[in-house]
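What you see is a predicted model, and the numbers here were worked out from it, not measured in a lab.
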Amino acid sequence: MKSLSSRARWFILLTSAAGAVTLISQLYALATDAPNWLMLVLCCLLAIPLQVLKIEGVTARTSYNLGWIMYGFAFINLGAPAAMMVILVAHLVEWVWHRYPWYIQVFNIATFSIAVWLAGALYHLLDPNWAPPHVGSILPIVLAFGLLTLLNHLLVGCVIYLARNQSFRESGVMAFEAWLIDFGLLGLGVLAAIIAEVNPLALLLVTLVVSMLYRALLVPSLRRQTEVDPKTNVYNVSYFNARMADELARAQKANQPLTVVMADLDHLREINNAYGHLAGDMAIQGVANILRRYCRSGQIVARFGGEEFAILMPRTQPHEALVIVESMRRAVENSV
């Protein structure tokens, strides 16, 4: 957490504090309401593998979790506090499994806690007679889940912007596709809750839908893999060439500047010979991370060759690009 900016640290701490307050209130409500504990345990057990087995999203920093299905099911079938308990258990196990830095998972749990608490409040406001496990009106469900998804994505997008200086567009967190997928997963949980009211055995059919959905969500990840250099995780030359053609045509049509920067890493062969190729790979990855970190929104970094990088800077004059490039050069020099 020390590597984060002061703004990012304060945002994480304040969000985590607000999340702790809402989490305690929901856990207290859960204890006093005496829910169906057997159903709650089953929801937790099913949510754990769905949460742990992440599916990479449209960018390297986005991912999808089918655990949202169980969150939606628990919300409708057991209530908002029970849904938060399912989220808490699934995220704690995910934390142990993936060994995230503590503040990342604390923040993730806090964002869900705030979003679930507000979504539950909105649901009861719109449908005061709603009581789990009965499924009430559909409109309150849609609005409550829309709010839950929007708040969760918004808070995550804000911390990514403060921590990595990535816009919502760059991080992909607020992309309509990402929002719609998570909202749809919650909706699938609602459908499962409705089916459970009619015939619990029919839930076996839902597992077939979940299996097909898992395969379908792999498509964005596979598509992204064809665009990214696997060693540095920046774009590859094929994607760069395609984007450069698009940006060049757009710049000519709109009469806007377009700057292309070529960068070459000196003495990489000496590093490989003296310390081995693993050290050379680490040097390339470090430079790629610096280039990506200093780029502005909409600018593209690609690995153009073994030790060559290219940076596409739409709507950027050469003198503006020079300031950015010099910052990159100093950062690389100081990292040695």
Practice task
Verify, without hydrogens or angle tests, whether Asn241 (side chain) and Val237 (backbone) share a donor-acceptor contact under 3.5 angstrom.
Solution key: yes
Handout entry: Interatomic distance, Ser16 atom OG to Asn108 atom CG [nearest 0.5 angstrom]
Key = 9.5 Å
Problem - Thr22 versus Ser113, side-chain donor and acceptor atoms under 3.5 Å - result: yes
Handout entry: Inter-residue atom distance Ile284.CD1 - Glu308.CD, 0.5 Å rounding
Key = 11.0 Å
Practice task
Looking only at non-hydrogen atoms, find the nearest pair between Tyr71 and Ala90 and report the distance.
Solution key: OH-CB, 3.8 Å
Exercise for the section: Indicate yes or no for a side-chain donor-acceptor contact from Thr32 to the backbone of Ala29 under 3.5 Å, with no hydrogens or angles considered. Expected result: yes
Problem - Minimum-distance pair of heavy atoms, taken over all atoms of Leu78 and Cys43 - result: CD1-SG, 4.2 Å
Problem - Non-hydrogen side-chain atoms of Arg329 and Ile290 separated by less than 4.5 Å - result: no
Exercise for the section: Group every Ile, Leu, Val, Met, Phe, Trp and Tyr by side-chain heavy-atom contacts under 4.5 Å, then state whether Leu42 and Met70 land in the same group. Expected result: no
Practice task
State, yes or no, whether a side-chain contact exists between Cys158 and Leu154 at a heavy-atom distance under 4.5 Å.
Solution key: yes
Handout entry: hydrophobic_cluster_shared for Ile24 and Val86, side chain cutoff 4.5 Å
Key = no
Fill in the blank from the handout: In Leu150, Thr149, Leu155, the residue satisfying side-chain contact (heavy atoms from CB on, under 4.5 Å) with His153 is Thr149
Exercise for the section: Might you point out which heavy atoms bring Glu320 and Gln317 nearest each other, and give the distance in Å? Expected result: OE1-N, 2.8 Å
Practice task
Report the distance from atom CG of Asn152 to atom CD1 of Ile114, rounding to the nearest 0.5 Å.
Solution key: 10.0 Å
Completion exercise
Between the OH atom in Tyr235 and the CZ atom in Arg292, the distance rounded to the nearest 0.5 Å is 9.5 Å
Practice task
Give a yes or no on whether the backbone of Leu23 and the side-chain of Trp117 come within a donor-acceptor separation of less than 3.5 Å.
Solution key: no
Practice task
Can you label the angle between the Phe107 ring and the Phe11 ring as parallel, tilted or perpendicular, going by 30° and 60°?
Solution key: tilted
Handout entry: Evaluation steps, side chain to side chain contact (heavy atoms under 4.5 Å, CB included), between Leu92 and Leu88
Key = CA-CA 6 Å; Leu92 289 177; Leu88 177 63; 4.0 Å; yes
Problem - Nearest atoms (heavy-atom pairs only) where Ala310 meets Phe240 - result: CB-CZ, 3.6 Å
Exercise for the section: Output, in order, the C-alpha distance, side-chain angles, deciding distance and verdict of side chain to side chain contact (heavy atoms under 4.5 Å, CB included) for Val93 and Gln51. Expected result: CA-CA 9 Å; Val93 174; Gln51 178 69 27; over 6 Å; no
Exercise for the section: Flag the pair Trp68 / Phe112 as yes when their ring centroid distance falls below 6.0 Å, and as no otherwise. Expected result: yes
Practice task
Check for a donor-acceptor pair, side chain of His98 on one end and backbone N or O of Glu94 on the other, with a separation under 3.5 Å.
Solution key: no
Exercise for the section: Give, for atom CG of Leu258 and atom CG of Leu312, the distance between the pair rounded to the nearest 0.5 Å. Expected result: 5.5 Å
Exercise for the section: For residues Leu40 and Leu30, determine if any side-chain heavy atom of one lies less than 4.5 Å from a side-chain heavy atom of the other. Expected result: yes
Handout entry: Side chains of Ile141 and Ile138 in contact at under 4.5 Å (non-hydrogen atoms)
Key = yes
Problem - Over 12 foreign heavy atoms within 6.0 Å of CH2, Trp37 - result: yes
Problem - Same apolar cluster (I L V M F W Y, side chains within < 4.5 Å links), Trp97/Leu53 - result: no
Handout entry: Beyond-backbone contact of Pro257 with Met313, side-chain heavy atoms, under 4.5 angstrom
Key = no
Problem - Check: Thr316 main-chain N/O paired with Thr259 side-chain donor or acceptor under 3.5 Å - result: yes
Problem - Leu143 side chain near Leu126 side chain, heavy-atom distance below 4.5 Å - result: yes
Completion exercise
Heavy-atom closest pair (Ala74 atom, Ala83 atom, distance to 0.1 Å) is CB-CA, 3.8 Å
Exercise for the section: Determine whether Leu66 and Leu180 fall in the same hydrophobic cluster, where Ile, Leu, Val, Met, Phe, Trp and Tyr are linked whenever their side-chain heavy atoms lie under 4.5 Å apart. Expected result: yes
Practice task
Run the numbers on Met328 and Val261 for side chain to side chain contact (heavy atoms under 4.5 Å, CB included), then give the verdict.
Solution key: CA-CA 12 Å; Met328 293 175 176; Val261 179; over 6 Å; no
Practice task
Measure up the Tyr123 and Phe75 rings against each other and bin them: parallel (under 30°), tilted (30 to 60°), perpendicular (over 60°).
Solution key: tilted
Exercise for the section: Please name the pair of heavy atoms, one in Leu185 and one in Asn65, separated by the smallest distance, quoted to 0.1 Å. Expected result: CD1-O, 3.4 Å
Handout entry: Chi angles and distances behind the side chain to side chain contact (heavy atoms under 4.5 Å, CB included) call for Asn233, Val228
Key = CA-CA 6 Å; Asn233 210 30; Val228 174; 3.5 Å; yes
Practice task
Ignoring hydrogens and angles, tell me if any N or O in the side chain of Asn334 forms a donor-acceptor pair with the backbone of Arg330 under 3.5 Å.
Solution key: yes
Problem - Gap between atom NE2 of His91 and atom CD1 of Ile104 - 0.5 Å precision - result: 12.0 Å
Problem - Pairwise side-chain contact, Leu148 with Val116, heavy-atom cut-off 4.5 Å (strictly under) - result: yes
Handout entry: Any donor-acceptor N/O pair, Glu307 side chain to Asp266 backbone, under 3.5 Å
Key = no
Exercise for the section: Spell out, yes or no, whether Val260 and Leu248 are grouped together once hydrophobic residues are joined by side-chain heavy atoms under 4.5 Å, including indirect joins. Expected result: yes
